[in-house]
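Here the structure is laid out as structure tokens; the discussion comes afterwards.
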Amino acid sequence: MLERGQELSRSLVLVRRLSAGGSGEVWLAQERERRDPVAVKILSSELAQDIATCAALHDEYARVAALDHPNILRVEGLQRSAQYAWIAMDYAAGGDLTQLRGRSCGEILRATIPIASALATAHAAGIVHRDVKPANVLLSADGTPLLADFGSLTRGSPFSASPQQLAGAPVSVADDMYGFGALLYELLSGYPPFYPDAAAARDVTRGPAPPPADVPPALAQLIGRLLARRAEDRPADMGSVERELRAALASLPPPAMMSDMNEPAPIKPASVKIEPPGLRPPPGQGEPLRSEWQRTTGPRVNEDDLRRQGFRRGLGASLVALGLVAIGVVFFVLPKVMEREPPAQKAPVAAAVAPKVDEKAAEKKELDFAALAKAKQAAEELRTAIDERLQKLNARAAAQWGGEEFGRANSLLAAADQDATARDYTAAEQKLNEITPLLDTVEKRAPQVLAEQLKAGAAALQEGRSEDAKAAFELALKIEPNNQVASRGLKRAGTLDQVLALLTKAEGQEKEGNATPALENFQKALALDAEATRASEGIARITSRQAADAFASAMARGYSALAATNYSQAREAFEAARRIRPDAPEIPQALRQIEQEQRTGVIGVKLQEAQQLESQEKWAEALKVYRSVLELDSTVAAANDGAARTSPRAALNEQLEMYLTQPERLFSQSVRVVAKETLSRAAGIANPGPILSKQIKTLGEWLARADVPVPVALRSDNVTQVTIYRVGVLGAFEQRSLDLVPGSYTVVGTRPGYRDVRREISVMPGAAPEPVVIRCEDKI
């Protein structure tokens, strides 16, 4: 039972369990030296004792550890102790890819494109993952996706394994293609294909439900091909899948394509219906009203200049009129009032009222003049800001997509200009204030219109309507001049008619059986448009047929050579067929047939050789031969029994030889204890051969001699205090002798005022060493 704080080895201490499964448990562990956390997958006791499985794991994880890719989790290979077998790997602290279920399409593509690249690297090295699913893609602390847990110990998960994998067929790259498609499907849909009906996942006649409707069509088609029920209908390599994913990411609308790794807001369909390219402007958007005055001389001015001049001239006319009224009052009315003598007999009230009325009129005129100037300034400032916004919108072709709001804004602007011409600046200001929210609406609509035009252009390209595609992408570039998707789409639209002509010609030649010219025309079409799906599919069809013919020819040659027992020629032909179709199930079957026929003869010879080595007590060599037989066929009972029989004898022989070739090790008390245990085990073996008997006798003699004390002579000066470590304090003397068991000893002499003396002596069995002199003679 594994538990926290347990030492897995001298350098690893278990911290806490991360997960558990049928093949074992995954623990977080701490390295003593580096103090770095690592993850260790500890195999179950059944797997740890399975020699063939452990050998396969050791080989595969050694190959995985050699892969150089930033998105493959680093592993250190299979390691063993006396009790456990485990696989050490980097600790990914960010969880796994299941937390991306239901996220935006752009975020999911950015997380899975590196995994496609990692799988392509593994496949190029001849490694098939076997269990591609979101839970097996871990995230580092900084969010980097890491492909982990290559599936040597499993036949795949029930909802992400291919039908062939579930049926027990030999593993192939096509299984990883299916698993990667299931991974994309699960992240986009929130659940894996066929969930929760596991029986449907095994049914090769049923396909999964389509992905959600908001998944781009090109991506949905790719997922459909990855999840094809037949292995041969899936993409041939992960490199092409990676390229299609990058193209799908590039075709997403800019908000989704340019967002960061945080959860973006969902992209909703546009709520305002935009007229397609080529239609007339919205109804009601006619020619804007113009001012009625014009210059009689000088250069011509445009409509906007007339509007601005209408403001200025209207204000000028008002000022002139007010000035004339003021002059008339000052020069004509006031003198007459001042010269007139007030009648003596008339009522004083009447004489007092007249001047008061004139004073209020003058004050009112001054107030009207100030209000008029203020209204004119406010209207002119609004008019300038609106004019700048309209110019930008016109540059973005807003007349084609601005809708009712854009037409209403232009109509209000014309009406405001008429009010300004009539010097009604308050009414002009009110109309200009109504324009601002209309322009806000139009500007906010631009991203929606851009997305619709990109979608319309893509649809037109798909349907072969070059002019409609050009119109849509041209409008998109007016809305956003630097849009890369629109630029590529416009370029494709420019060659679309030529591409379609080449495709039609190539497809006709293909139907007539003229493969070579058809292939050339498909390639020309693809050179003009690298995204022409029909061209790439046509090339794939023709090359597939050509490869099928070459494959059939190579397989026929291989079986013919096999029938003639010419194994080298048969293998060469089958390997040529593998290069043409790496995932063909016939190839492994044919190669196994060759191996089986060759193995039958080889195994008999090896078993005889191993038995002969056993009779000669060459246990390590016999074990090696038995293991080589198991590598050929792990089911050979004689080889399994022989390995189980010779393995402990080989280990015992190695221990005995170590003591016999290095007898000085026996002079250590702790080593002698272990050596006696080894000797006891060796003596307990029934019917020992001559070699083992000699080893037992020799080691027994050495151990007996190692236990016999040897006299050792010591000399001193009768003032030096002598001590022998692990023996005792001898005190001061001139000469003394004592018996010591063979081994290494440290003799120390001490004397006040003198430096200590230390001697290392080795006592060998059977012979007394030279007298040991211990005197402290070096004063401090």
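- Counted by atom type alone, E760 and T746 present one or more donor-acceptor pairs between their side chains at under 3.5 Å.
- Checked by atom type, the side-chain pair Y626/E614 shows a donor-acceptor distance below 3.5 Å.
- Proximity of L2 to Y84: side-chain heavy atoms (C-beta onward) are separated by under 4.5 Å at one or more points.
- The local environment of CD in E654 is sparse, with at most 12 non-hydrogen atoms from other residues, nucleotides or ligands closer than 6.0 Å.
- Proximity of a side-chain donor or acceptor of S693 to a complementary backbone N or O of P690 within less than 3.5 Å is not detected.
- Considering all non-hydrogen atoms of both residues, I72 and A118 come closest at CG1-CB, 3.6 Å.
- Inspection of the H123 and D176 side chains reveals an N or O donor paired with an N or O acceptor under 3.5 Å.
- Electrostatic pairing of K624 and E621 does not count as a salt bridge here, judged by no charged N lying under 4.0 Å from a carboxylate O.
- Residues L656 and L699 are in side-chain contact: their nearest non-hydrogen atoms beyond the backbone lie under 4.5 Å apart.
- The local environment of CZ in R592 is crowded, with over 12 non-hydrogen atoms from other residues, nucleotides or ligands closer than 6.0 Å.
- Taking every heavy atom of both residues into account, A85 and R80 meet most closely at CB-NH1, 3.9 Å.
- A distance of 8.0 Å separates CD1 of I761 from CD1 of I774, quoted to the nearest 0.5 Å.
- Using a 4.5 Å heavy-atom threshold, the side chains of L139 and D96 count as separate.
- In this structure, R74 pairs ionically with E76, as a charged nitrogen and a carboxylate oxygen lie closer than 4.0 Å.
- Here K41 pairs with D149 in a salt bridge; the nearest charged N to carboxylate O distance falls below 4.0 Å.
- The number of heavy atoms from other shown groups lying within 6.0 Å of CG (D142) is above 12.
- Between E575 and R579, the closest side-chain pair of non-hydrogen atoms falls below 4.5 Å.
- G239 and A120 get closest at one heavy-atom pair: N-CB, 4.1 Å.
- Judged by a 6.0 Å distance limit and a 45° cone about the ring axis, R130 is not positioned over the six-membered ring of F150.
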| request: Go through the steps to decide whether I696 and I685 satisfy the test side-chain contact (heavy atoms from CB on, under 4.5 Å), and finish with yes or no. | output: CA-CA 11 Å; I696 293 172; I685 294 177; over 6 Å; no
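- Of all non-hydrogen atoms in L146 and P70, the two that sit nearest each other are CD2-O, 3.4 Å.
- Put simply, the side chain of S160 never gets that close to the backbone of G179: no donor and acceptor are under 3.5 Å apart.
- Note that CD of Q164 and CG of D583 are 10.5 Å apart. Values are rounded to the nearest 0.5 Å.
- Annotation: side chain to side chain contact (heavy atoms under 4.5 Å, CB included) contacts of P771 (sequence neighbours excluded): A713, R715.
- Side chain of R649 to main chain of W619: no donor-acceptor pair is present (N/O by atom type, distance under 3.5 Å, no hydrogens or angles).
- M238 is listed as a side-chain neighbour of M177, based on a closest heavy-atom distance under 4.5 Å.
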| message | Apply side-chain contact (heavy atoms from CB on, under 4.5 Å) to residues V629 and K606 and explain how you reach the verdict. | response | CA-CA 7 Å; V629 172; K606 285 183 174 291; 3.4 Å; yes
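- Note that the CG atom of N640 and the OG atom of S634 stand 7.5 Å from one another [nearest 0.5 Å].
- Checked by atom type, the side-chain pair S162/D175 shows a donor-acceptor distance below 3.5 Å.
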| Are Q79 and S9 close enough, and set up right, to give a side-chain contact (heavy atoms from CB on, under 4.5 Å), and what steps lead you there? | CA-CA 10 Å; Q79 303 178 42; S9 68; 5.9 Å; no
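- Of the possible polar contacts, none joining the R758 side chain to the G749 backbone as a donor-acceptor pair under 3.5 Å is found.
- Scanning both residues, R578 and L591, for their nearest heavy atoms gives NH2-CD1, 2.6 Å.
- One distance of note links CD1 of I115 with NE2 of H69; it measures 8.5 Å at 0.5 Å rounding.
- Formation of a donor-acceptor pair under 3.5 Å by the T646 side chain with backbone atoms of G642 is found in this model.
- Side-chain N or O atoms of R672 include one that pairs as donor or acceptor with a backbone N or O of L666 at under 3.5 Å.
- Here the closest heavy-atom approach between residue L660 and residue T698 is recorded as CD2-CG2, 3.5 Å.
- The main-chain N or O of I113 is never found under 3.5 Å from a side-chain atom of S117 such that the two would form a donor-acceptor pair.
- Here CG of L43 is found 6.0 Å from CG of L78. Values are rounded to the nearest 0.5 Å.
- Panel note: side chain T720, backbone D717; no donor-acceptor pair is recorded below 3.5 Å.
- Remark: R571 is not positioned above the aromatic ring of F574, lacking an NZ or CZ atom under 6.0 angstrom from the ring centre and at most 45 degrees off the axis.
- A 4.5 Å side-chain heavy-atom check between V38 and L12 finds at least one atom pair inside the cut-off.
- A donor-acceptor contact closer than 3.5 angstrom links the side chains of N566 and S568.
- Donor-acceptor pairing under 3.5 Å is recorded for the side chains of D131 and S157.
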| said: Using side-chain contact (heavy atoms from CB on, under 4.5 Å), reason through S23 and L47 one step at a time and then give a plain yes or no. | reply: CA-CA 7 Å; S23 60; L47 289 176; 3.7 Å; yes
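- Between L703 and L679, some side-chain heavy-atom pair lies under the 4.5 Å cut-off.
- At least one side-chain heavy atom of L562 sits less than 4.5 Å from a side-chain heavy atom of Q593.
- With hydrogens and angles left out, the side-chain atoms of W27 and E25 include a donor and acceptor closer than 3.5 Å.
- Within a 6.0 Å sphere centred on NE2 of H58, heavy atoms belonging to other residues, nucleotides or ligands number 12 at most.
- A donor-acceptor contact shorter than 3.5 Å is absent between the side chain of Q6 and the backbone of V15.
- Annotation: the span from N71 atom CG to T121 atom OG1 amounts to 9.0 Å, rounded to 0.5 Å.
- The local environment of CD in Q616 is crowded, with over 12 non-hydrogen atoms from other residues, nucleotides or ligands closer than 6.0 Å.
- In this structure, a donor-acceptor pair under 3.5 Å is absent between the side chains of N653 and E617.
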